[in-house]
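For clarity, every value in this text was computed on a predicted model and none was experimentally measured.
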Amino acid sequence: MPLTDRDRALLDFEAEWRRHAGAKEEAIRAELGLSPARYYQLLGRLIDTTDAQEHDPMLVKRLRRQRDARVHERAARAAR
């Protein structure tokens, strides 16, 4: 399924959010009209799509690595 305008907006925002003034959560609400929780839910699903990877491969790879590291970290803490 091709990326929607919202999908592209999410990826573009994530790639460029540091250029915005203020906290990321505030920028998510102001620019995307989403709660931070909803933004991260949508972004998490989006980075698993091939269309997202084709749109911005470097960003998607970085976000997947970060997610995998968090999952690994949580599993290690639970195993202690």
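Between Arg29 and Glu25 there is no salt bridge, since no side-chain nitrogen of the basic residue lies less than 4.0 Å from a carboxylate oxygen of the acidic one. Under a 4.0 Å N-O distance rule, the pair Asp5/Arg8 qualifies as a salt bridge.
One finds the CG atom of Leu43 at 6.5 Å from the CG atom of Leu10 (value rounded to the nearest 0.5 Å). A distance of 6.0 Å separates CG in Leu59 from CG in Leu11, rounded to the nearest 0.5 Å. Atom OH of residue Tyr40 and atom CD of residue Glu14 lie 6.0 Å apart, to the nearest 0.5 angstrom.
A 6.0 Å sphere centred on NZ of Lys24 holds more than 12 heavy atoms belonging to other residues, nucleotides or ligands.
Nearest heavy-atom pair, Leu3 versus His55, reported as atom, atom and distance to 0.1 Å: CD1-CB, 3.5 Å. Considering all non-hydrogen atoms of both residues, Tyr39 and Leu34 come closest at CA-CD1, 4.2 Å.
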- Task: Step by step, work out the side chain to side chain contact (heavy atoms under 4.5 Å, CB included) result for Gln66 and Ile47.
- Result: CA-CA 11 Å; Gln66 289 173 342; Ile47 64 172; over 6 Å; no

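Looking at Asp7, its side chain does come within 3.5 Å of a backbone N or O of Thr4 through a donor-acceptor pair.
None of Glu54, Gln53, Met58 except one satisfies the side-chain contact (heavy atoms from CB on, under 4.5 Å) rule with Asp56; the exception is Met58.
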